[in-house]
Amino acid sequence: MHRSAFRLGLCMALLFSASAAAFSTQEAVDTVTAKLICDCGCNNLTIKDCTCGKADRVRAEVKGRLDSGQTPEQIVRAYVEEYGEQILAAPTTQGFNLVGWIAPFAVLLLAGSFLVLALRRWARVPWHEPPLAPMGPGARAPDPSFLKRVEDEVEDVER
Amino acid sequence: MPQFGSLCLILALIASAWSLVASALGALTRSRSLITSGERSSLAVTAVLGLASSALCVLFLKDRFDVEYVASYSSRAMPALFKVAAFWGGHAGSLLLWVLVLSVFSAIVIVQNRHQNRGLIPYVVATLSGITVFFLVLLNFTSDPFDLLGFTPPDGKGLNPQLQTPLMAIHPPTLYLGYVGVAVPYAFAMAALLSGRVGDVWIRTTRRWTLFAWLFLGVGLLLGGYWAYIELGWGGYWAWDPVENAALMPWLTATAFLHSVMIQEKKRMLKVWNMSLIILTFTLSIFGTFLTRSGVISSVHAFAKSGVGTVLALFLGTVITFSVTLLVWRLPRLQSEGRLDSFVSRESSFLFNNLLLVGICFAVFWGTIFPVLSEAVRGVKITVGPPFFNTVNFPLAMALLALTGICPLIAWRRASASHLMRVFLYPASLAMAVFALLLILGIRELSPLVAFTLCAFVLGTMFYEFYRGSRARQRSTGESFPSALGKLIGKNRRRYGGFTVHVGVVFILMGVVGSSFFRQEATFSLRRGESFQAGRYTIRFQDTSSSSDAHMDRFEAILALSRGGQEVGLLQPGRNFYKSFNQPSTEVDIYSTLREDLYFILIDFDAQSGLATFKYYLNPLINWIWIGWIVLFAGTHVAVWPDSRERALLARTRLIEERTFA
């Protein structure tokens, strides 16, 4: 009884670890294949997503390499050596490729700074409103609450 | 019949060239007869192109395989609907469709403006005719769809089976309505610059055209994405393919334009910027046509290299040079007449919205052309694929989403701190509540947390806006809430139509974030009678079925789907084998709910062992993308619906301009 319980426990543990290993391999396969582009011409998809036969083969190949103990980095590097940088789904973050990554943000930052400066300038430019008619004798400044109501109503209209 | 088609194309070229010359001369010399002649020739172009297109349709329907184009894209076995759709299945036919749509739009513009905008119209007709001439030159001299083979093959090659779906039949024309629709506001902008009438008449006149083009570009993108989703079998809908990007870019700049014109209408500012945006949008729509046809960038959508790339590049250069020169020439007339009341105002938030939209457009453009640039600089070919675009665009899209929420809360002219506090309170509280709920649900990844919180914030803002407006109206008129809400929308169609569009955009983003960050997938094999667990669903492989007809052999696996012990439906993923193409295609089956899609593909079936291999994707929230588009579509309709107040305003603006130029 004791022994059979032990055996069962061992089997469970083995099963569990095997499925855990299989799971992590699938994750690792996904991590690697998401970095590689499929050039089958079906669509602009990564090996992870592409449905063509070639992607199937590469996925199996990657799984084999992982099982044989290669690290994801080594596998990606091996593919780049074989097929060139073109196999990577996104440019590396080195050298000229860095320009590719940074330019969108740099341009946005630059344009944003210009915009902020322009807005500040526009908001400061004095507005040449037509002069108000001079207040006659005995006239008093309008009630602030009345002015606020006018402001609010204008705001409502312009909303 | 083919000769008749070719003749029509030549006649159309001559008539459009005359329309260009007559309208331009008429505008310069103010000769009424020349202007009328220009308009009439433009109408004649529409008629002749209508005849040419009908001729091509008849050739397709009659299986005239002696015509090269028909033989390349049609076959006897194809149903009539797809024979007609094969019209735009290739380069030459789609060019003909492009120019046909353009000529129909020109005709509508001419008829609509018989008695108005007379100072602008000759220039508008000249510009539209100029574009027509270019495309007709291309059709006549490089890509005539009526070219004959010199012999008659027994059957045509047929259209790719994956394209033989109703969605693909309408996807290209819808996109073209968008691409070509942009030409109308562009032509009005050029007319405004040429005539010096650079007030806001051209903007107000073309608002509906711009919205129309924007909507159809969007619907074109949607149809393409939906088609990819249900046909291609990879469980996704957008792959940042260069040609997808090419349609997205003008849509983004058109979105920016739709926002920034409001500032010109209200404050008479940003005239140069609005001109630049419409020039950019039109240029990008031509750039899209160029990308598809030049072979510069390889893409699933690209037509075979047809040698028209150089001509299109020349045209693109001409459009840019012509537009920018005009813009620079008229700079003195395009000075702002208004100013900003405050740094924190609706106006400035619109400008930041423009910055982000154009920024995303630039990021997409940059990613699309970077491989070409890299090869030129380093001599090394690289790929810029989905990971690049997703990484770069995500933060920008989030900033834009935040602005979508903030912008309507900030008052025009000037926002006070107390006003901001008051209006931010409810939406911000809702956003915080959703954030807490997401944490409780166990979501820890930063990107979806931020995205969903912002979605909640924007939805809160939008609903609060509807509520606040209706309540205010209710208080002053004593109406019931639904009636107040109805009248509020009816009387401010642009405003509330716009807000509805924003709600649609939030739904779309919810779907994109849900289906990108929480997608699950697995591949597994079953024998008949065996089951598999996919998320909360149990799938039992029941049986297979097969059938055959003249076009293809069909094979399907029948799966029973149950959730919580209850059977919820059958799934029948399969594989078709198209005889004429000698290739198999995956037939996806999807179980859809508002919460998620269970997306099933049959990968393989081994008849001997009876083992079937399946792949499934569980795509959370994906249906909100399609729902979002429906909401966006509805909102756009609210915004374009004719409005008597707006019409009166336009009439007044026109009158003022007429007096200025009298």
Side-chain angles (χ1 to χ4, degrees), chain A residues 26 30 34-46 48-52 55-56 59 83-92 95-97 99-105 107-109 111-112 114-116 118-128 151-152 154-159, chain B residues 228 232-236 239-242 244 266 269 298-300 336 338-343 345-348 351-352 355-356 358-360 362-363 366-367 370 373-374 377-378 380-388 391-393 395-396 411-414 419 469 472 495 522 586 601 603 615:
Chain A
Q26 186 55 45
D30 285 353
K35 287 187 180 150
L36 307 174
I37 201 90
C38 187
D39 63 352
C40 62
C42 299
N43 211 329
N44 196 28
L45 293 175
T46 57
K48 173 177 172 282
D49 286 330
C50 197
T51 51
C52 72
D56 278 342
R59 279 193 293 261
Y83 297 99
E85 234 179 283
Q86 219 179 347
I87 187 107
L88 292 175
T92 59
F96 182 71
N97 283 344
V99 178
W101 285 99
I102 294 174
F105 296 104
V107 167
L108 195 73
L109 212 65
F114 273 118
L115 179 59
V116 170
L119 282 173
R120 278 177 180 280
R121 207 164 55 98
W122 286 341
R124 264 207 309 266
V125 175
W127 176 231
H128 303 293
E151 273 284 307
D152 283 351
V154 168
E155 196 177 277
D156 272 352
V157 170
E158 291 194 337
R159 237 173 357 116
Chain B
L232 295 183
W234 59 280
W240 297 105
D241 180 89
E244 293 171 2
K266 278 182 196 287
M269 296 173 74
S298 62
S299 153
V300 59
S336 276
R339 58 144 211 166
L340 286 184
D341 292 84
S342 156
F343 184 76
S345 59
R346 178 82 59 89
E347 290 88 332
S348 45
L351 286 171
F352 282 105
L355 174 73
L356 284 168
V358 177
I360 295 174
F362 175 74
W366 183 248
F370 194 68
L373 205 67
S374 166
V377 173
R378 294 168 61 208
V380 176
K381 280 190 175 178
I382 62 156
T383 306
V384 179
F388 172 87
T391 314
V392 171
N393 285 320
L396 305 184
W412 284 105
R413 300 168 65 233
R414 181 183 294 136
H419 171 86
R495 180 179 165 80
T586 311
I601 311 153
I603 291 182
K615 181 162 191 177

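Chain A is the first sequence line, chain B the second, and so forth, proteins listed ahead of strands; every chain is numbered from 1. Computed from heavy atoms alone, side chains included, the values below leave out hydrogens, waters and symmetry copies.
Counting non-hydrogen atoms of neighbouring residues, nucleotides and ligands closer than 6.0 angstrom, the CZ atom of A:Phe105 exceeds 12 such neighbours.
Looking at every heavy atom in both residues, A:Ala34 comes nearest to B:Pro387 through O-CG, 4.0 Å. The nearest pair of heavy atoms linking A:Ala90 to B:Phe388 is CB-N, 3.9 Å. Counting all heavy atoms, side chain and backbone alike, A:Gly112 lies closest to B:Leu355 at CA-CD2, 3.6 Å. Taking all atoms of both residues into account, the shortest heavy-atom contact from A:Lys48 to B:Lys615 is O-NZ, 4.3 Å. Between B:Trp366 and A:Gly100 the shortest heavy-atom distance is NE1-O, 3.0 Å.
Between B:Phe370 and A:Trp101 the shortest side-chain heavy-atom distance does not fall below 4.5 Å. For the pair A:Ile37/B:Pro386, a side-chain contact is recorded, criterion being any heavy-atom separation below 4.5 Å from C-beta on. When side chains are defined from C-beta on, A:Val116 counts as touching B:Phe352, because their heavy atoms get closer than 4.5 Å. Between B:Leu356 and A:Leu108, the closest side-chain pair of non-hydrogen atoms falls below 4.5 Å. At least one side-chain heavy atom of B:Ile382 sits under 4.5 Å from a side-chain heavy atom of A:Asn97.
Residue B:Val380 touches chain A through its side chain alone, counting heavy-atom pairs closer than 4.5 Å. Contacts between B:Val392 and chain A at a heavy-atom distance below 4.5 Å involve backbone atoms as well as side-chain atoms. Heavy atoms of A:Leu119 lying under 4.5 Å from chain B belong to its backbone as well as its side chain. Looking at B:Leu396, only its side chain comes within 4.5 Å of chain A, counting heavy atoms on both sides. For a residue to count as touching a neighbouring chain, one of its non-hydrogen atoms must lie under 4.5 Å from one of that chain's; by this rule B:Trp234 touches chain A with backbone and side chain alike.
Panel note: side chain B:Thr383, backbone A:Gln86; a donor-acceptor pair is recorded below 3.5 Å.
Of the listed residues (A:Asp30, A:Leu88, A:Ile87, A:Thr46), the one with the most heavy-atom contacts under 4.5 Å to chain B is A:Leu88. Most heavy-atom pairs under 4.5 Å with chain A, from the set B:Gly236, B:Gly235, B:Ala522, B:Ala239: that is B:Ala239. Between chain B and the residues A:Gly95, A:Gly84, A:Ala103, the largest count of heavy-atom pairs under 4.5 Å involves A:Ala103. Chain B forms more heavy-atom pairs under 4.5 Å with one residue of A:Thr92, A:Val107, A:Asp56 than with any other, namely A:Val107.
One distance of note links CG of A:Leu45 with CG of B:Leu232; it measures 8.0 Å at 0.5 Å rounding.
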| query | Could you walk me through whether A:Thr51 and B:Thr586 pass the side chain to side chain contact (heavy atoms under 4.5 Å, CB included) check? | reply | CA-CA 9 Å; A:Thr51 51; B:Thr586 311; 5.7 Å; no
